[in-house]
Amino acid sequence: MIYIILAFIMFIGSGISGYFTYFYYSKGNKEAFFLTFLIIAIAALVSGLVFLFLFINKKGSNDIKELNLRLKKWRDISYHASKAGDEVFNELPIAILLYDDAKVVLWANQHANVVFNNALNDIPLKTLSLDLYNCTEAKMTEATINYGGNSYDVIHNVKNSILYLFDVSEREKIKKKYDESIT
């Protein structure tokens, strides 16, 4: 802010000095007074431009520092999010399947391979599980299926063609016992 004020003062001084220089020059007075005002006018103009440049440069410098700080924070967050994503894909007991438009598995995480007892890449969903295939055909976003003696809640991300399977076998057994005890 101080640079703007100084630049403003210098521009006013430059204008005033320029006026007096013109006034004396137009009167035909070419003495030392004329040269003095001309030098003052030029010095004030140059000083004003310098202060204006410093203000613009300082503002830009602060913006750059702030943007660099934000970029560093995003890099740190991205690194940690990437690590968390790797852990979710590889360590948590959630089966994840990605499929294409032809309903063929493109990719499966390690837990999905354990659930379905084999490598799943390039296997049609219809061959893998008719319940999963029907879920994708009906574009259901949530379902519960049975596979290999276990029950799974399926969350289907239709837009991205992703299936998430959560083992809910214990919940379904308890639910079944409860239903049987009531009747």
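- Aromatic pair H156/Y99: ring centres closer than 6.0 Å.
- Side-chain contact check for E170 versus N150: every heavy-atom pair is 4.5 Å or farther apart.
- Between L125 and V105 there is a side-chain heavy-atom pair separated by less than 4.5 Å.
- If you check the side chains of D131 and S129, you find no donor sitting under 3.5 Å from an acceptor.
- Taking hydrophobic clusters as Ile, Leu, Val, Met, Phe, Trp and Tyr residues chained together by side-chain heavy-atom distances below 4.5 Å, Y164 does not share a cluster with M140.
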Test log, rule ring-ring contact (aromatic ring centres under 6.0 Å, His included), inputs F116 and Y147: CA-CA 8 Å; F116 293 102; Y147 184 85; 4.6 Å; yes
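- Between the OG1 atom in T136 and the CG atom in D101 there is a gap of 11.0 Å [rounded to 0.5 Å].
- Summarising the geometry of N109 relative to I94, their closest heavy-atom pair is ND2-O, 2.8 Å, with the distance given to 0.1 Å.
- To the nearest 0.5 angstrom, L165 atom CG is 9.0 Å from D153 atom CG.
- Contact check for E180 versus K176: side-chain heavy atoms found under the 4.5 Å cut-off.
- The backbone N or O of I162 sits nowhere less than 3.5 Å from a side-chain atom of N160 that would complete a donor-acceptor pair.
- Looking at I96 and L163, their side chains never come closer than 4.5 Å, going by heavy atoms from C-beta outward.
- Rounded to the nearest 0.5 angstrom, K72 NZ and N68 CG are separated by 11.0 Å.
- Residues L98 and I155 share a single hydrophobic cluster, defined by chaining ILVMFWY side chains whose heavy atoms lie under 4.5 Å apart.
- Residues K126 and L130 form a side-chain contact, since some pair of their non-hydrogen atoms from C-beta on lies under 4.5 Å apart.
- Side-chain contact check for N118 versus N113: every heavy-atom pair is 4.5 Å or farther apart.
- Partners of S151 according to the side-chain hydrogen bond (donor to acceptor under 3.5 Å, both in side chains) rule, which considers only residues two or more places apart in sequence or in another chain, are N146.
- A 4.5 Å side-chain heavy-atom check between L97 and L120 finds at least one atom pair inside the cut-off.
- In this structure a side-chain-to-backbone donor-acceptor pair under 3.5 Å is present from D100 to V104.
- L132 is listed as a side-chain neighbour of I145, based on a closest heavy-atom distance under 4.5 Å.
- The hydrophobic cluster containing V115 also contains Y133, counting ILVMFWY residues as joined when their side-chain heavy atoms lie under 4.5 angstrom apart, directly or transitively.
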